[in-house]
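Structure first, then comments.
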Amino acid sequence: GWNGPGGLQPRQIRAELFKALRAQEPDKRRIAAEALGAMGERGLLLASRDEPGPGQAEAREVLFLQNRATIQTPGK
């Protein structure tokens, strides 16, 4: 598993993905935003969306797509 010798704990993984979301490289930000969205880390996406700077647009896009999917599939 991840949580072993030389492995990462979930908290560390989230921290690294958030750091990647705030990075200068657009591809890295996009991948990190998609990964956080797939992991259900809405709070980190909301935090990035509300902070000006790199990662704000990517977080906003993932949140928009999640909200749109929720609206299109009612009762979920």
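If you take CZ on R42 and CD on Q66, they are separated by 6.0 Å, rounding to the nearest 0.5 Å.
With hydrophobic clusters built from ILVMFWY side chains whose heavy atoms lie under 4.5 angstrom apart, V62 does not share a cluster with I31. Hydrophobic clustering of Ile, Leu, Val, Met, Phe, Trp and Tyr side chains at less than 4.5 Å, counting indirect connections, keeps L63 apart from L65.
Side-chain contact check for L17 versus M39: some heavy-atom pair is nearer than 4.5 Å. Side-chain atoms of L21 and L36, non-hydrogen and from C-beta on, do get closer than 4.5 Å to each other. Contact check for R14 versus F18: no side-chain heavy atoms found under the 4.5 Å cut-off.
Evaluation of the salt bridge (charged side-chain N to carboxylate O under 4.0 Å, His left out) test over residues 52-61, restricted to residues two or more places apart or in two chains, returns R29-E58.
Side-chain atoms of S48 never come within 3.5 Å of backbone atoms of A59 as a donor-acceptor pair (strictly under, hydrogens ignored).
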